[in-house]
Protein chains: 2
Amino acid sequence: MRVSELVAASGVPLATVKYYLREGVLMPGEATSATQSVYGDEHLRRLALIKALAGVGLPIGRIRSVLQLVDRPEHSIVETLGRAVSELPPYLDAPDSDGDDYSRAKAAIESLGQVYDPRFTAVAQLERALRAAADVGIPMTDERLEVYGRSVRAIAEYDLAMMPEPADEAIEYAVLGTAMYEPIIAALRRLAHQHIASSMQTNAEHPERPTR
Amino acid sequence: MRVSELVAASGVPLATVKYYLREGVLMPGEATSATQSVYGDEHLRRLALIKALAGVGLPIGRIRSVLQLVDRPEHSIVETLGRAVSELPPYLDAPDSDGDDYSRAKAAIESLGQVYDPRFTAVAQLERALRAAADVGIPMTDERLEVYGRSVRAIAEYDLAMMPEPADEAIEYAVLGTAMYEPIIAALRRLAHQHIASSMQTNAEHPERPTR
């Protein structure tokens, strides 16, 4: 297809397609003259992936990093997945001048029976989030961590069980699934709060009702 | 204590304290002269709460709304909690010109056996998140929804069970707990992914190991 057809089929504006070509994240088409190229389904698939990554907040440099991993997974699949997911937001500032203190995250991860590895960017995210909760007066207790950890583990096991086999599809699934399902989980939790609170109120208003 | 002591004890800069006084979110101190006032523990507690709400991204108008609910809960506790939590981000744009279409969220909520009520802001958040996942080619399946819903429900039940009794503390807990524990849950999921993927790799590398 010509570039105008690629624009129509992908829904990505021409200026943006040209920008992705210049930045090297979209591979060039096959030149048919000095000014024209033709594009195929692989360009359409790549544009859809770039659009999705941009949509979850990745700047162009991080999109390029993820695509390099999709195109040339150099390491074990586990390490490649870890590298790809680490390109996702949230992007944390440089560590404090007193170095990386991940003591809260380390204790939490070990109490869940998982291996602590400070190279995972999620360790820094967890440390930051644990510290913020403590700062506002609602620190994670051991009991809450146990309840959250068990439930999150069930979600993560399902996520991994559903991962497609080919390496490039697995990376795409890991990055998009991590990013796209996080807001769904957050919304489901808020809705469950409302639902449970409403049920508690109904029971409190009708104490004469037998609860058996 | 004097305002300088309030600044020192709270860690909130003087200019910010004055701004909160002007905006009416921090109640005035007791005037001891034309230019001096004294402040008490209630000012320190209020400043800590304002700081926490600002820290999770609430603009001043929404901080004021939450504090009004904390100070004068007018409705049932369930309705007040819902109103307070609805002041939290994410803030969604106005609905599409074709009106509110929450059909994906409605189907998901009903399949979880919960009551659909479009007045909850989390319904719009869920709709948006479900649509975004479908747009990038990884729509929520019924099975995934069931797994996620069951796990999130366990978390939400624990959250509600731990809610303090007095109405003002319950509102504060609901708002801060919703906001502060969301990034913890997201980080725990990413860490569980890494942990499970690493275990799978170890097993795959040692197929001769008995798995019993």
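Below, all heavy atoms of this structure are taken into account, side chains as well, without hydrogens, waters or symmetry copies. Residue numbers start from 1 in every chain, and the chains themselves are labelled A, B, ... in the order their sequence lines are given, proteins ahead of strands.
The parts of A:Glu157 that come within reach of chain B are both its backbone and its side chain, each placing non-hydrogen atoms under 4.5 angstrom from that chain. Of the atoms belonging to A:Leu112, it is side-chain heavy atoms, and not backbone ones, that fall under 4.5 Å from chain B. Residue A:Val123 touches chain B through both its backbone and its side chain, counting heavy-atom pairs closer than 4.5 Å. Only the backbone of B:Pro139 has a heavy atom closer than 4.5 Å to any heavy atom of chain A. Of the atoms belonging to B:Ile109, it is side-chain heavy atoms, and not backbone ones, that fall under 4.5 Å from chain A. A:Thr121 does not touch chain B: none of its heavy atoms, backbone or side chain, sits under 4.5 Å away. Heavy atoms of A:Tyr148 lying under 4.5 Å from chain B belong to its backbone as well as its side chain. Within the 4.5 angstrom heavy-atom criterion, atoms from both the backbone and the side chain of B:His193 approach chain A. Neither the backbone nor the side chain of B:Ala48 comes within contact range of chain A; no heavy atoms are under 4.5 Å apart. At a 4.5 Å heavy-atom cutoff, B:Arg150 makes no contact with chain A through either its backbone or its side chain. Using a 4.5 Å cut-off between heavy atoms, A:Met162 touches chain B through its side chain atoms alone.
Minimum interatomic distance between B:Val136 and A:Ala52 (heavy atoms only, all atoms of both residues): CG1-CB, 3.2 Å. Heavy-atom minimum distance, A:Leu191 versus B:Phe120: CD2-CD1, 4.2 Å. Counting all heavy atoms, side chain and backbone alike, B:Tyr158 lies closest to A:Glu143 at OH-OE1, 2.6 Å.
Between chain A and the residues B:Leu145, B:Ile196, B:Val56, the most heavy-atom pairs under 4.5 angstrom are made by B:Ile196. Counting heavy-atom pairs closer than 4.5 Å to chain B, the top residue among A:Gly113, A:Gly177, A:Ala154 is A:Gly177. Interface summary for chain B: among A:Val115, A:Leu130, A:Val85, the most heavy-atom pairs under 4.5 angstrom belong to A:Leu130. Counting heavy-atom pairs closer than 4.5 Å to chain B, the top residue among A:Leu88, A:Val147, A:Val78 is A:Val78. No other option in A:Leu188, A:Asp159, A:Leu53, A:Leu176 has as many heavy-atom pairs under 4.5 Å with chain B as A:Asp159. Looking only at heavy-atom pairs under 4.5 Å with chain B, the residue among A:Gly137, A:Gly149, A:Ala186, A:Ala122 that has the most is A:Ala122. Of the listed residues (A:Met163, A:Met180, A:Arg144), the greatest number of heavy-atom pairs within a distance under 4.5 Å of chain B belongs to A:Arg144.
Looking at heavy atoms from C-beta onward, A:Arg190 lies in side-chain contact with B:Glu182 at the 4.5 angstrom threshold. Taking the side chain as every heavy atom from C-beta outward, B:Val152 and A:Ile155 approach each other to under 4.5 Å. Residues A:Ile184 and B:Gln125 form no side-chain contact, since every pair of their non-hydrogen atoms from C-beta on lies 4.5 Å or further apart. Side chains of A:His195 and B:Arg153 form a contact here, defined as non-hydrogen atoms less than 4.5 Å apart.
For B:Asp117, the side-chain hydrogen bond (donor to acceptor under 3.5 Å, both in side chains) partners are B:Arg119, not counting sequence neighbours.
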Item checked: CA sep, side-chain torsions, deciding dist, call: A:Gln114, B:Gln194, side-chain contact (heavy atoms from CB on, under 4.5 Å) -> CA-CA 9 Å; A:Gln114 297 177 193; B:Gln194 285 277 2; over 6 Å; no

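Around the CD atom of A:Glu42, the shell of radius 6.0 Å holds more than 12 heavy atoms that belong to other residues, nucleotides or ligands.
Under the 4.0 Å criterion applied to side-chain N and carboxylate O atoms, B:Asp135 and A:Lys51 are not assigned as salt-bridge partners.
Rounding to the nearest 0.5 Å gives a distance of 13.5 Å between OG of B:Ser151 and CZ of A:Arg189.
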